[in-house]
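Take a look at the structure below.
First the proteins, then the strands, lettered A, B, ... as listed; each starts at 1. Values below: every heavy atom of this structure, side chains too, minus hydrogens, waters and symmetry copies.
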Amino acid sequence: MNKAAINFVLNGQEKALEVDANRRLVDLLRDDLGLTGVKLGCGEGECGACTVIINGQTANSCLVLAAQVDGTEIITIEGLGDHDHLHPLQEAFIEEGAVQCGFCTPGMILSAKALLDHNPNPGKAEIMDSLSGNLCRCTGYTKIVNAVENVIRQSNAKGS
Amino acid sequence: MSVVGRSFRRKDAVDKVLGRTLFSADIKMHGMLEAKILRSQVPHALVKKIETQTAQDFPGVVAVFTAEDIPASNSHGIIIKDEPVLVKDKIRKIGDPLALVVAETEESASQALEAIKVELELLPAVFDPEIAMKPDSVAIYPNGNILERRKIRKGDVVEAFKQAEFVVENKYCTQMAEHAYIEPEAGIAYVDGENVVVHVSTQNPHFDRKEVARNLSLPLNKVRIIQAPTGGAFGGKLDISVQVLLALAAFKTKRPVRLVYSRKESILASTKRHPFVIYYKTAADQYGRLLGIEATIIADGGAYASYGPATITRAAVHLTGPYEVPNVKIDAYIVYTNNPTAGAMRGFGAPQAAFAYEQQMDLLAERVGMSPFEIRMLNALKNGSVTATDQVLNSGVGISQTLEQAYATAQQIIFPGGLRP
């Protein structure tokens, strides 16, 4: 198997690795690096459970080869917060009841983060559009969208 | 009582938003093996021979199991134990499990699957329950394909239809539906002293325990099932998926074994919502009051019973809807076909029934010249009403108030200025 040398920044830490040319990013993150917050739901880019942020853009890590991420910056759910310091989106998801089984949650939060990083004040339609690549079978989406709207409202209240 | 009326944070929510919750596929154990299932690609066949030697000799393969390796029973099922853990002699659907490969890596296991040779004698298959229930149909089981029947008889339906001013008669068909929980089935099993432990995505750990114990010929107290955080289920994780095979593999190899379905495998192997065919005939008097219902439900149960008998019971008792019907004749059948097994899914036969009876009400309203709201208010169950199964509803019947409130709210939304049509 051909190997590829890759250097990238993962959740703020520099990584230098050799990967098999056919290794998917999702497998590198989950199996080799132990970042199991990256979920594997379908393996074909339909469900969004494996969403990560690469250079500010969301990507299905099941559709990206590890060899392709050389020179990039990647954020997974593990890079967002910890028990003592939850990210505002994480806090809002809990508060709003937007978490049920939890399997779509990491990808959903990362898609919301990527949106707010680009546009801190999106409308409801834009929120729904940005989350449309992340399937949830439990919540019916309403509380997820509410959670994102709450974060926007709070951040606007702080800013004004 | 300190919790009543107050909102609390979910205990599991913090780990879930942090991505720290360990679902079954996230668990790794020292010396862990990976398992893969060889599944049938044909819907109906006799198994003549399964040759596993080539696969066993494959690099990285630790063991290959077939029906011969299951210590006892080789069957599971919540109501009827008609589903094999691994098929011994007869395939009844695409996706039926034929062999289990356990290897050092997922890749080895997948490659070894392809080295297993299966000799089959193909049989004609039947996919339409109305054809499957005929006496001359392809027989999936020796005693015919009708698994069970439920009957409801109340009053005199023949007389009701004689007196009817209006009769509405239709055939309703509903589709198969996949639960599509975002987490595919997964589990990991290991031996702990004398016990076998299965950590699994499931809705039914107590049932799982009994099925593992029975198939492995172990006493119940030697089997421990731990429900892992379960990434959605909706009824689809009430049946056995990986539990028995994982326990078998761990028990035989004495090493931890993990089995994770792909999405394709999850859709192929898991149960579905029962597709229904409903023949529905409604009789009403000149005012739109229901006089009688005569209906037949034919539920496609797929290859194995699963929750089918319970589903047709629920469907039959719900088929009159929340309406008072004095004369009722309902027959509900659950029929085996070579389709994917149908099982529990939210509502358990009641949504399929609602699809039919509510359309009947709308069509009847049109015939009588009433609004859909009026015909429902006229026929809604009340305190003191008697159901199709002769249950007297003494109190707590809220359908009329619910309809009135929904109607009032709808008026405000549709006619915000307070105008009524």
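Under a cut-off of 6.0 angstrom, the local environment of CE in B:Met29 is crowded, with over 12 non-hydrogen atoms contributed by other residues, nucleotides or ligands.
When heavy atoms are compared at a cutoff of 4.5 Å, A:Leu89 does not approach chain B at all. In this structure, chain A has a heavy atom under 4.5 Å from the side chain of B:Leu22, while its backbone stays farther away. Neither the backbone nor the side chain of A:Leu80 comes within less than 4.5 Å of any heavy atom of chain B.
Counting heavy-atom pairs under 4.5 Å between each of A:Gly102, A:Gly37, A:Gly34 and chain B puts A:Gly102 at the top. Among A:Cys42, A:Cys104, A:Ala49, A:Gly43, the residue with the largest count of heavy-atom pairs under 4.5 Å with chain B is A:Cys42.
In this structure, the side chains of A:Phe103 and B:Pro229 stay at 4.5 Å or more apart for every pair of heavy atoms. Using a 4.5 Å cut-off on side-chain heavy atoms (C-beta onward), B:Leu18 and A:Ile77 make no contact.
Smallest separation of non-hydrogen atoms from A:Cys138 and B:Phe234: SG-CZ, 3.8 Å. The heavy-atom pair separating A:Gly41 from B:Pro184 by the smallest distance is O-CG, 3.5 Å. Across all non-hydrogen atoms, the minimal contact from A:Pro106 to B:Gly19 is CG-CA, 4.2 Å. Of all non-hydrogen atoms in B:Gly232 and A:Cys101, the two that sit nearest each other are N-CB, 3.3 Å.
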Pairs of donor and acceptor atoms, chain B with chain A, under 3.5 Å:
unit_1, atom_1, unit_2, atom_2, d
B:Arg9, NE, A:Glu95, OE1, 3.4
B:Arg9, NH2, A:Glu91, OE2, 2.1
B:Arg9, NH2, A:Glu95, OE1, 3.2
B:Arg10, NH2, A:Gln100, O, 3.4
B:Asp15, OD1, A:His83, NE2, 2.8
B:Lys16, NZ, A:Gln100, O, 2.8
B:Lys16, NZ, A:Cys101, O, 3.0
B:Val17, O, A:Gln90, NE2, 2.9
B:Arg20, NH1, A:His83, ND1, 3.0
B:Ala25, O, A:Arg30, NH2, 3.0
B:Asp26, OD1, A:Arg30, NH1, 2.8
B:Asp26, OD1, A:Arg30, NH2, 2.9
B:Asp26, OD2, A:Lys39, NZ, 2.4
B:Lys28, NZ, A:Asp31, O, 2.6
B:His179, O, A:Arg137, NE, 2.9
B:His179, O, A:Arg137, NH2, 2.6
B:Ala180, O, A:Arg137, NE, 3.3
B:Arg263, NE, A:Gly41, O, 2.9
B:Arg263, NH2, A:Gly41, O, 2.9

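Applying the ring pair (Phe, Tyr, Trp, His ring centres under 6.0 Å) test to every pair with at least one member in residues 6-55 of chain A, sequence neighbours left out, gives no pairs at all.
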**OP:** Given side chain to side chain contact (heavy atoms under 4.5 Å, CB included), test A:Ile94 with B:Val14 step by step and report yes or no.
**Re:** CA-CA 7 Å; A:Ile94 297 173; B:Val14 174; 3.7 Å; yes
